[in-house]
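Reading through the structure tokens given below for one structure.
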Amino acid sequence: MEYGKERVVALVDMDCFYVQVEQRLNPALKNKPCVVAQYKTWKGGGIIAVSYEARDHGVKRNMWVADAKKLCPDLEVARVRESHGKADLTHYREASVEVIEVMSRFAVIERASIDEAYMDLTSAVQERLKDMTNKQIDPNLLRNTYVQGFPQNASDEQESAQELNKEVERSRGLEQWLSSLPATLTTDQCPSEVQLTLGAVIVEEMRAAVEKDTGFRCSAGIAHNKVLAKLACGLNKPNRQTILPMDSVPELFNSLPISKIRNLGGKLGNL
DNA sequence: CATTGTCCCAGC
DNA sequence: GCTGGGACA
């Protein structure tokens with residue numbers, strides 16, 4: 001395999017994880033602008049997680065609840081449990097273990113934080129390839145998958161129309177990507193693009209299992225290394241996954257501040 | 001007091 | 001080993 005494309009790596013990131021944990025506990029909070037905050041006394045407490053509905057109102061992490069309520073008057077606020085005067089996150093840690101257990105059925109997991117895990121899918125992809133020999137990949141196995149850089153050659157006119165319907169563009173891009181792959185799969189000489197795609201099929205299954213067994217939704221990135229998988233994960237959130245083919249990396253890097261790349265966000269990002 | 005907590009790593 | 005800084009959520 002070509003240098004830099006030896007592995008298939010995924011990064012799975014739970015969508016506003018603390019909010020989802022609170023929503024599972026209290027279903028009345030579901031589908032509402034909602035935050036999780038800690039420490040009530042100063043300006044209503046500090047926000048540490050924000051639902052996507054609340055983000056639409058401009059509510060951000062690290063805001064004070066009092067300020068967020070100005071932006072979003074009907075904001076629902078869940079509180080972090082406190083024990084001996086300290087914020088107690090064990091509740092979220094336990095939920096994290098539930099998720100890790102489901103994901104571990106599919107691959108060896110490297111836990112990166114309470115709501116993120118990396119996984120090396122290289123051998124799982126090889127196994128899947130055996131079952132897929134002389135078949136092709138059904139787009140229905142990739143209903144939540146974006147391919148970064150696809151569709152190619154979209155005119156400006158098409159592009160603006162597609163902004164109105166992200167799903168149309170996603171589906172067109174996926175079809176175009178799949179038709180660029182070899183017509184039938186073989187175990188010997190399997191292009192890295194096919195390997196990424198089979199990785200994405202596995203991640204679709206894994207994410208469906210996580211939602212079925214825990215109720216939690218997540219996003220994911222599939223690429224050839226951890227840094228690119230993490231970057232890909234952020235491209236289509238929430239509840240979606242993104243393949244980042246190596247050939248799409250140069251254009252993506254041109255259009256992205258380097259501070260978006262892991263470990264280049266702080267001091268180095270300001271150069 | 002008013003960003004808190006956690007993890008990782010370099011330097012000692 | 002311990003600690004402080006840096007990065008992230």
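The chains referred to below are lettered A, B, ... by the order of the sequence lines, with proteins before strands, and numbering in each begins at 1.
Residue D115(A) contributes atom CG, which lies 7 Å from atom C1' of dA9(C) at whole-angstrom precision. Remark: P of dC8(C) and CG of L264(A) are 8 Å apart, rounded to the nearest angstrom. Summarising the geometry, the separation between CG on D67(A) and P on dA2(B) is reported as 15 Å, rounded to the nearest angstrom. Atom CD of Q38(A) and atom P of dC1(B) are 19 Å apart (whole Å). Atom P of nucleotide dT4(B) and atom OH of Y92(A) are separated by 17 Å, given to the nearest angstrom. Going from atom OH of Y118(A) over to atom P of dC7(B) covers 15 Å, rounded to whole Å. Residue K43(A) contributes atom NZ, which lies 9 Å from atom P of dT3(B) at whole-angstrom precision. Rounded to an integer number of Å, the gap from CZ of R111(A) to C1' of dC8(C) is 15 Å.
Note on N62(A): a base of the nucleic acid sits closer than 4.0 angstrom, heavy atoms only. Residue G266(A) is in sugar-phosphate contact alone, with no base atom involved, counting any heavy-atom pair closer than 4.0 Å across all strands shown. Heavy atoms of Y39(A) sit under 4.0 angstrom from primed sugar atoms or phosphate atoms, though from no base atom. Backbone-only contact: R93(A) has heavy atoms under 4.0 Å from sugar-phosphate atoms and none from a base.
Residues Q241(A) and T145(A) have side chains that bring a donor and an acceptor to within less than 3.5 angstrom of each other.
The side chain of L89(A) sits closest to dG5(B) out of dG5(B), dA7(C), dT3(B). Listed candidates were dG6(C), dA2(B), dA9(C). Nearest to the side chain of K267(A) is dG6(C). Out of dA7(C), dA9(C), dT6(B), the shortest distance to the side chain of L268(A) is found at dA7(C). The listed nucleotides are dA7(C), dG5(B), dA2(B); the one nearest the side chain of N263(A) is dA7(C).
Looking at E204(A), its side chain does come within 3.5 Å of a backbone N or O of R143(A) through a donor-acceptor pair.
Look at the C1' atom in both dA7(C) and dT3(B): the space between them is 14 Å, to the nearest Å.
For the pair K260(A) and F253(A), the cation does not sit on the ring face, since its NZ or CZ is not both under 6.0 Å from the ring centre and inside 45° of the axis.
Dashed line: the shortest gap from a side-chain N or O of R61(A) to OP1 or OP2 of dC8(C) is not under 4.0 Å. Within the 4.0 Å cut-off from OP1 or OP2 of dG5(B), at least one side-chain nitrogen or oxygen of K86(A) is found. At the phosphate of dT3(B), neither OP1 nor OP2 sits under 4.0 Å from any side-chain N or O atom of K60(A).
Follow the hydrophobic side-chain contacts under 4.5 Å out from M14(A) and you reach I48(A) in the same cluster.
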*Kindly determine whether Y92(A) and F17(A) satisfy ring-ring contact (aromatic ring centres under 6.0 Å, His included), including the steps that lead there.*
CA-CA 8 Å; Y92(A) 309 112; F17(A) 186 47; 7.3 Å; no
